[in-house]
Amino acid sequence: MSELGVIIIGAIFINNIVLSQFLGICPFLGVSKKLSSAIGMGIAVTFVMALAGTLTWIIQSYILNPLGIAYLQTIAFILVIAALVQFVEMVIKKTSPGLYKALGVYLPLITTNCAVLGIAIVSIQKNYSLIEAVVNNVANAVGFTLALILMAGIRERIEESDIPKCFHGFPIALFTASLMSIAFLGFTGLL
Amino acid sequence: MLYAVISLAAMGAVFGVMLAVASKKFAVEVDPRVEEILQALPGVNCGSCGFAGCSGYAEAVVKGEAPVGACNPGGAEAKQKMAAIMGTDTADSGMERKIARLLCNGSTSNSSMLYKYEGIEDCHAAAVHYSGPKACHYGCLGLGSCVKACPFGAIKMGTEGLPVINTDLCTGCNICVQTCPKQLLQLAGISQLVDVRCRNKGKAKEAKDVCKAACIKCKLCEKNCPEGAVQVVTDNEGSVAVIDHTKCTNCGICVTKCPTKAIEKASPIKAEVCAVQDGPSENKPAGCGSCHICG
Amino acid sequence: MRNIIKLGVFLLVVAGLAGLGIAYVNGLTEPIIAGQLLESKLSSFKEVYADADEIKDETDTYLKGADPVIAEINVAYKNGAPAGVIYTVATAGYGGPVQSLVGFDIESQQTTAVKVISQTETPGLGAKAVENSFSDGFKNKDAARPVEIVKKEPVQGNQVLAITAATITSKAVADGVNAARENFMSNFVK
Amino acid sequence: MSLVNEFTKGIIRENPLFVLVLGTCPALAITTSVNNGLGMGAAFTAVLLASNIVISALRKVIPDSIRIPSYIVIVAAFVTMIDLIMHAYTPALYKALGIYIPLIVVNCIILGRAEAFANKNGVGASIMDALGMGVGYTLALVVMSGIREILGAGTFFGIPVLGASASPALIMILPPGGFIAFGCILALMNKLQQKAS
Amino acid sequence: MNNQNNLLVVSSSPHVHSADSVQSAMRDVQIALIPALFVALYFFRFSAALVIVACVLSAVISEAATQKLMKKEVTVKDGSAVVTGLLLAFCLPPAISPWIAAIGAAVAIVLVKQFFGGLGCNIFNPALIGRAFLVAAWPVAMTTWVSPLDGITTATPLGIIKEGLQQELPSLGQMFLGNVGGCLGETSALALLLGGLYLIYKGHVDWRIPVSYIGSVFVLTAVIGAFQGQGLSYPVFHILAGGLFLGAFFMATDWVTSPITKKGRIIFGLGCGCLTVLIRLKGGYPEGVCYSILLMNTLTPLIDRYTKERVFGRVKKHA
Amino acid sequence: MRKLTFRGGIHVPGHKEQTCNLASQPAIVPDRVYIPLSQHTGAPCSPLVQVGDAVKKGQKIGEGKGFVTSPIHASVSGKVIALEKREQPGGNFVFCLVIENDKKEEWDEAVKAPANPGGFTPEELRKIVFEAGIVGLGGAAFPSHVKYSPVEGKKADVIILNGVECEPYITADHRLMLEKPDRITAGLNYIMKSVNCSQGVIAIEDNKQDAIAVMEKATAQEKNIRVVVLQEKYPQGSEKQLIYACTGREVPVGGLPLDVGVVVNNVGTAAAIADAVELGIPLIERVLTLNGAVNKPANYRVRIGTLFKDIIAASGGYTGETGKILAGGPMMGKTLYNDEVPVVKGTSGILILKKEDVRSEKEQHCVRCAKCVDGCPAFLEPTTLVKLAKKELWEEAENNDLLSCIECGSCVYVCPAHIPLLQYIRRAKQAVQAARAKAKK
């Protein structure tokens, strides 16, 4: 139990996927302009990462490892994730138009979100059990969502500020991220 | 080696088939023309077409609820594209570009003031106080609500306290016209150059007292216009000269006759500007911005 | 339906070819990678216990069940007899686990050397643990007494100078050494 | 002439990192030393080159409806190969770059180039495009990592450059420093663009 | 035309204004910092003076310079840069070299404040980012402490506990007065309390943040202390140690970066308190005030959003 | 004991010492009066007389259609010489009947004291109040008879007389309470009777101790009336805040005082009602304070329709260079662009500000000090509303309870960054109301 706790705290706060591992920077910068879309993206990523974590773990343990072809990890995982994302998108579109309106637009963006693939690989590298791997994936997704939501809150506020023109867009978002990551340094050594 | 090939190939096949099947099974009908029309529109969501943003308009067009030419910012080009998508006739696409014109000459040197206004720079906010700080209750307040409202940056405040419209950038979206609390902006075809730049309906003396460039209802324009295009129109508020642009030939006789220079002829606009509608360059719609593949 | 099969087959071919290519490259690189791993392991073993003819993994012999700290126990043989022991230990540092090798000499009952082989500590601070300036402090310590981290110049034999502003990392290494030391004392010192 | 143009555009005008702002994750994560930056750039260029060649060669064969999955498979294959090769021949670099090598797969630039360029152009042009983009990206990484390594570690390619008395600002090789350096460079690029236009 | 110069002024009500201005508020903050300033100068002498001067000068100069460069109005006269400089100096070790301190102040002003649009626009407390930046950049210099008066290298009370050093803890009385190792302006709880009360009296600081902050640290450490069998001196130690008073009265209460709702301020204070205790007891750093406030700063926009006051008259509908 | 008050609000220096001890004196009756056809909330009046007609004092000269309206009366006897558009203290232009004063002060025959004022039924009382043209004299000028008329399903159980007068510089109500406590008490009794309510409260701020004493004495015999002392705070006199302070009830958003069983009237209104009921005199005169940069600040009893200029001239004219002329106090008063503006029923004061006192500080960026939030008596976040208004997000502003703003100006008063918050909020309200009107169409 405490093992899982360590994984959760570590993934969300100490080694926050965005602020200290630099995964998923693109959507972090892109979809953090509005709080509502940040929440939507966060939920979509969490959903996909939980599914992808389970699926990749199963593939690794029951196909790649037994056959001695662990070196196919990258290509196998990306295939799984790409297919999964598209599949999920189609299913949601058909079954729940409301959910699709909320999440659908973010789903295509997730394929190229390196967080999904990155964390799936890390979970395998760390020799996690299935439960640990899923928890790790979800915790990282929560960390991503947390960073995204905090960022969106901040960006909605700085929108009304008199920011110098050349800092508009990416630069100011990066500076914000840098200050957030300085703040998150406070969590280092927490465990 | 063998395992690698087989398993990867199998995975490829499985996912390929799965997706193909899924795309059939979970297919949702979307009219692709909506997307295409959306592409043809400038995407500024100005609302001048009367629909909720560009996507609302695009859907309405596809459903046949809206005509193809209702987008002013898109101009003739968008109309043609949309007509092509919808397969409608493009023969009548000779739509003239429209731009906004200011109908007031009450510059700081021409007009007198009622009081010194202090407060936020907003025409509506100032108009609450005795119709605004200008002595002329019909005149431009010069606080730039139209400047702020213009989504294309086409209006700038001039040195004389009146907004100046950049004809190159103006798309005729009608937003400034709706914004002006004094209704001093009007859309007109780009070839129309002559305007009565005064809306003061007060009596000649009162109008003259508050602004040097006011229409004094002398009817000289009306008498001298060879086309009968200028008329002093009277309603229950009073009277003022108005030009009927469908008749006006830009001859400029009324301009020379007007004793207060309330009628003005704009300098002709460059032919290429008239002909080609440059899309809004700086104000493209912002995509998600996360990457450039989809955006 | 035919279309679906066609697409599936195409993807099958592409994926198959990709698998073929990767498998081929893997065939080329696999032995090199394996060799490298072994070599780097041996060379780091050499660094903590230089004087050995043969090194054998005897974790199962000396470790009863899983140990939270000690991961591996390798025994260095010289002239057919055990001469030294190399422990692979992992302890919690500041930014994650700190993995180090601790070498003991059976005859002198002293540490030979300590080497940090993997860590995720703060660069410039805790990451200095890999440098000799720190790990040299652990050389030739009496295995009977626990090592102790101090912030000022060591005065006693069992003391080691901490890395400046990184006491936690220093202690993590020392914890590993102490865990190895206890195992060493119970197994190799009669 | 146009081939030269395909090559040079990626270096400055359409620099993938500084102008198009693509491939940001590795650019922030591994630019703590110039060695890493250069290694990442090289690996990236190799993958981009290989995948651009294959995709442009196959562009008429690949069915349109499954082109993205096909690209992903092709790119992933090359990434895996590079991963294995680096593991075998440059173990130190492999260890330093870690997970970011397999993550080249999801680097937006590669799929982006495949979709936007290799899909539509011949092999020759695609090679130049890949080289240009690859070199541009590598240069950008080297600039980023150079700034961070000099300020944060006081070294360049591991060689001390700041002199013994100056103590480097460690934060520059920590995560916040990455964001700051990248933000400053992008702001500078914005400024230059505004000046130009 | 007719008598256009003597027009009356027409404007929207109200037509009178309080004497308050941003400048006067900044002046009050400066006044409130004076007691702690004197304590710092008394205990840490010349080195403290050097650090303070470096910080304030650097802050003012970099504010003026960036505003000049960005072609904005130079507003150093509003005194906010001086306040930032002072606050940053107060949370630096007394023996730090002035050029490091100056870099911290420049980062605080340029990166945190001016890049985000100047006064009122910053998301994070500039002085605290300045400090956190320096901790990350020059960790050794930022964790080298000297004891008051004699200037010998020592450890802070929290450092002693954290690293389990065999060193005697100072008495609570010493900590109250400030005769301990630590950042140059944070050691004297007494002086900071005086300044803080002055600000509360002046209406610039809402009591909710310091009270909920210090209160939650006290309660949490008291409970934890009770579990460990420690008496009341344990929580008292924790509220006197480190930069808690400086943070609670001067940093967490920063207008720009703290919530604007009353409920939000209490949540903010509680959050700061919990994070401080968490970092102090479990985290890698001995002191958590700086980071806890910065972390809560990131939450401020969201806190504001979700703690809106019930509007007057929006009562539950029942008879 | 804790003093009764509301939550939020600010402390504004009263500046009342200059005039609060000056007995109210009759102002000069001018040669001409200008009586606007609309001085009240609701339908404007149409003139009942024509240019050239002779009118007598107290004669009804204008009347509106519908229920929410109030007639106007001639405040002097003489001849109607014009019907012209003039600017109003409210910032708009309204037609005024101009009456040339013949100085005969002849009362209209309709003005006569009834035989038995105590015997009126509630309906009769409301009719008298309506016919006398009585509107709220605190400033809002809402027709009083409307407030007293029964509403299906709602029952008033408390009448609050507002003697708070929290506007700085203004002492008209203060003087009225000192001078005519009996009229106020009598008026309150008539109001209670017309609403059929048994409880009356007279609310006074604790900075008017003398008025409290006088009113307590005047109501000592009245079992159903009590004087409530409130803490001195701005805007204590605002209707909803006053109700909360006196009764602890909150008027719901968008609701009326009657929704919580309360009717609020100004003390001046009560006195006017007493005059109307007992003497039959319509509302042609009111008390106002002239203060600020004039030679002799004073409290005047002024005929409705007197120009500001005449009152100012009568008290010795301006001192120094005039910057602003305010109808009302400095917090909620309206600026005028000249002094040729008539006193209307809702004019409680005239305040002259010198040019040098009209400082306009530059608007700075919000520093989020939240003083506006702490001071807002409606518990709004003025700074948030302003940010939305600046971005013209009217709908979102509406969702943030924009329309609950009572426009007291507290936020602007305390803002250290000198942001004209209230003007932005007013602009947003204007836009929201325009949008609503458009939606209705």
- Item | Among F:Arg426, F:Lys334, F:Arg427, side chain to side chain donor-acceptor pair (under 3.5 Å) partner for E:Ser12 | F:Arg426

Expected list for residues 68-75 of chain E: side-chain donor-acceptor pairs under 3.5 angstrom, two or more places apart:
unit_1  : atom_1 : unit_2   : atom_2 : d
E:Lys72 : NZ     : A:Asp162 : O      : 3.2
E:Glu73 : OE1    : F:Lys362 : NZ     : 2.8
E:Thr75 : OG1    : E:Gln67  : NE2    : 2.8

Is the shortest heavy-atom distance from the side chain of [X] to the side chain of [Y] under 4.5 Å?
X	Y	value
E:Thr300	F:Arg368	yes
E:Leu8	F:Thr322	yes
E:Ser11	F:Lys324	yes
F:Glu361	E:Ser21	no

- Message: Please classify the contact of E:Ser258 with chain F as side chain, backbone, both or neither, using a heavy-atom distance under 4.5 Å.
- Response: backbone

- Got a second to check how far E:Ile260's CD1 is from F:Thr384's OG1, nearest 0.5 Å? 4.0 Å

- Query: Rounded to the nearest 0.5 Å, what separation is found between the CZ atom of E:Phe312 and the CZ atom of F:Phe6?
  - Reply: 9.0 Å

- Query: Between the side chain of E:His15 and the main-chain N/O of F:Val358, is any donor-acceptor distance below 3.5 Å?
  - Reply: no

Distance-only criterion, 3.5 Å: show the donor-acceptor pairs between side-chain atoms of residues 372-380 of chain F and protein atoms not counting sequence neighbours.
unit_1   : atom_1 : unit_2   : atom_2 : d
F:Asp374 : OD1    : E:Arg265 : NH2    : 3.4

Option that, when pairs with chain E are counted at under 4.5 Å, heavy atom only, ranks first among [options]:
options	result
F:Lys371, F:Arg249, F:Arg7	F:Lys371
F:Gly255, F:Gly8, F:Cys369	F:Cys369
F:Ile406, F:Leu336, F:Ile325	F:Leu336
F:Ile10, F:Leu351, F:Val367, F:Val412	F:Val367
F:Ala417, F:Ser404, F:Gly323	F:Gly323

- State plainly whether the residues F:Asp401 and E:Lys308 are in salt-bridge range, i.e. N to O under 4.0 Å. no

- Query: How far apart are the closest heavy atoms of E:Val22 and F:Gln364, and which atoms are they?
  - Reply: CG2-OE1, 4.0 Å

- Message: Could you report the tightest heavy-atom contact between E:Pro14 and F:Gly409, atom names first, then the distance?
- Response: CG-O, 3.4 Å

- Query: Are more than 12 heavy atoms from other residues, nucleotides or ligands located less than 6.0 Å from atom CD of F:Glu395?
  - Reply: no

- May I ask you to name which of E:Val256, E:Thr257, E:Thr253 has the most heavy-atom pairs under 4.5 Å with chain F? E:Val256

